[in-house]
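The structure under discussion appears below in the form of structure tokens.
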Amino acid sequence: MARGKRRRNAPKKEYRELDYELLKISAPRREIKRGIEYEVRGTSGKTEDPGKFWICPNCSLEIEPGTNHMVAWDVHRGIETRRHFHSHCWKMFQGRLD
């Protein structure tokens, strides 16, 4: 029986530690609400700016830093319309981003 070739000097793969924060961020998706197309993605709410906070346009309450939430913007009007929502508020939101 012929023996298979062995790779004795195969390069070792480097493994990175799993970044759990990246798992909390969802892939972008498109949603249509009342005929307006939105780009939507989840975020972990981590920020490099410790004084930064967001106000949810649906309930007008602050989104605490480090809280998972949704970021959405009008695809046609651009990223300038980007707003941060509590996840449950985005599900209920049926308005227009100003």
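- A distance of 8.5 Å separates CD1 in I63 from OG in S87, rounded to the nearest 0.5 Å.
- Here the closest non-hydrogen pair linking L97 and A72 is CD1-O, 3.6 Å.
- In this structure, E39 CD and R82 CZ are separated by 12.0 Å, a value rounded to the nearest 0.5 Å.
- Among all heavy-atom pairs drawn from G95 and I36, the shortest one is O-CD1, 4.4 Å.
- Aromatic ring pairs are classed by plane angle as parallel below 30°, tilted from 30° to 60° and perpendicular above 60°; the pair Y38 and F93 is perpendicular.
- Between the side chain of T81 and the main chain of D74, a donor-acceptor pair closer than 3.5 Å is present.
- Using a 4.5 Å heavy-atom cutoff, the side chains of V40 and R30 are not in contact.
- For the pair L61 and C56, the minimum side-chain heavy-atom distance is 4.5 Å or more.
- The shortest distance between side-chain heavy atoms of R83 and V71 does not fall below 4.5 Å.
- In this structure, the separation between CZ on R34 and CZ on R96 is 12.5 Å, given to the nearest 0.5 Å.
- Of the possible polar contacts, one joining the K33 side chain to the W90 backbone as a donor-acceptor pair under 3.5 Å is found.
- Inter-residue side-chain proximity for H86 and E64 is flagged as unmet; no heavy-atom pair is nearer than 4.5 Å.
- M70 places none of its side-chain heavy atoms less than 4.5 Å from the side chain of H84.
- The aromatic rings of W54 and H69 sit tilted, their planes meeting at an angle between 30° and 60°.
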